Structure formats: structure tokens, C-alpha cells
Amino acid sequence: MLTDYHLHLRPDDAGTDAATYFTVANAERYRAVAGERGIAELGCAEHVYRFAQALDVWTHPLWQESAVDDIDAYVSFVREQTDLKLGIEADFIAGREDAMATLLAARDWDYVVGSVHFVGEHAVDHDGYEIWDHRPASTEALWARYFETLGEAARCGLFDVLAHPDLVKLWGAQRPVPAGDLRRFYDLAMDGIAESQIAVELSTAGLRKPVGELYPAPSFLRMCLDAGCPVALSSDAHVPGDVGRDYDAALELLGQLGVGELAVFERRERRLEAIG
Ligand SMILES: [Zn+2]
Ligand SMILES: [Zn+2]
């Protein structure tokens, strides 16, 4: 069985309103592409910050301008009008874990995808809230803080899947990258990942970004596997055509690493299913 759990039913751009995208016809477009690509297990994971209720958690300017839809209408739509698993992509916001826990616990998810997009007030993946202009003393220090935060996200226990684990590399050569063996940074997240036994996402989205690589790097995934964590496979598609995109590359890596099973979720219970 193949999965694609980290799907968005709409692009991140402004003007992508719920009424247009949270429709039976749109969900069927995603299901149709998944069918063509042999992906049986499909779920959506809308960004939490697109929902008004997220402002109880954090009031960052990006969230204030994005938080317009009703999260319970989204839950009802997915449960009652689609055959998709019900997920959500929730940010790890340091210091706001209790508020995020309250938001998440009030709904009946199949799984929660946890993401580190922000380090402090600035984003590693959004040039409107550019961290590279505000980074700590050095690129090394920023990467260290990013991976420390990722470890906290795993350890906090709010999430079932750790999304795009080395997102900080998204810009590739367009931003500074530390020299040498990057495992010294990955190490900073590994205690939290190992303790939590969280499922670690292998995402093909990085292949569509300037970096042009899978998230995470093979050496990162190797460390997670050595720590005993299972893999969750996703595309992070924001349009139907990206469902399962580049899965051949992801499956090749999993084969090389000897991974034969993927994490599957239902009502926040995890089991492993054989690939293929
Ligand atoms: Zn994300
Ligand atoms: Zn996403």
C-alpha cells in the first residue's frame, strides 16, 4: 500500500477560499490522480493557520492574514463528503504547546502532521517573513536552532508525523548552507525523535523547491530509522497534479535503506503496512 497523507486541497495563495476548494469535485480530482499513480491511502492535512481558531494559539501576522476559515466546517466536510483520511498540518510554536493541544484535542483527527516552519518569529520557507535577514549570529547557529526546534516538536507529543524534517534547506544555493557533514545538525533533533518514536515524513515536495532534493536527506532518514522510527510517505501536494509526484525517487531511497513498511493512521492509531 502507498500513502499520501500530507495533501492540501488548495494552494497557499490568498484568495483560495474554502467554498471553492473544499468540494466533493475537488476531492475527487485528488483521488483520481492518486488512483492513476497507485496510491490507495489518501488524506488531507490543511494548514492550521488557515482557520480562525488558530488565532487562539498564535497571532503572528501571517496567521492573522490567513486565519479566515472555520476548522469545524473543514472537519465536517472531510468526514461527511469525502473518503479522505482527516488530518491537519499543525505548526510547532514553542511556548504555545498547551493552546495547540487544546485546539487539536477538540477534533477527531486520523493524524496530525507537525511542522517547523518558524524559528522564533521568522520563517525558513516563506520569503515574506524571511529568517535569513534576522538569523542568529551565523548560518551554523540558525541551522542548530532549527534542528533543536525540530527535536522539541517531536518530543512535545502533539504530532503523529514529523513533516519535511530538513525544511531549512528549501532554498538550496539561494541561501547560505553550512559546510561539511550536516549530521552534526541532525543530531540535535535525534534525542527528541528517538524518545517520541514519531513517524518521520519522507516528502517529495523538496524536489519541487529550489533545493531539488527529497525531505529529509538520506543520512537524516538513516538516523531516524536507526532510532526505530517508522516512515510516513507524502507529496505535500497543493494541487491535484502533485499527488504522489516523484514517488519513484522516494521509493528508490526507501528500497536502498531497507524500508519495507509505511505508517498508516486511523483515529490517531498507527499501524505499519507493507509497501506496494
Ligand atoms: Zn509544511
Ligand atoms: Zn504542507
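Both ligands and their constituent atoms are indexed starting at 1 by order of listing. Please read these numbers as outputs of a predicted model, since none were measured by experiment.
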### Message
Checking one value in my table: which N/O/S atom of Asp236 lies closest to the Zn ion (ligand 2)?
### Response
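Nearest N/O/S atom of Asp236: OD1.
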### Query
Can you tell me if an N/O/S atom from His47 lies under 2.8 Å from the Zn ion (ligand 1)?
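For His47, the answer is no, given that no N, O or S atom comes within less than 2.8 Å of the Zn ion (ligand 1).
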### Task
Answer yes or no for His6: is there an N/O/S atom below the 2.8 Å cut-off from the Zn ion (ligand 1)?
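Under 2.8 Å: His6 has no N, O or S contact with the Zn ion (ligand 1).
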#### Entry: Glu89 atom (N/O/S) at minimal separation from the Zn ion (ligand 1)
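Sorting the N, O and S atoms of Glu89 by distance to the Zn ion (ligand 1) puts OE2 first.
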#### Entry: Smallest separation among heavy atoms of Tyr186 and Ser219, with atom names
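Reported closest heavy-atom pair: CE1-OG, 3.3 Å.
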### Message
Any donor-acceptor pair under 3.5 Å linking the side-chain atoms of Thr20 with those of Asp17?
### Response
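Indeed, the side chains of Asp17 and Thr20 share at least one donor-acceptor pair under 3.5 Å.
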### Query
Going by atom types alone, do Asp4 and Ser235 pair a side-chain donor with an acceptor below 3.5 Å?
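Yes, a side-chain donor-acceptor pair sits under 3.5 Å.
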### Query
Strictly under 6.0 Å, is that where the ring centroids of His60 and Tyr49 end up?
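Centroid separation for His60 and Tyr49: 6.0 Å or greater.
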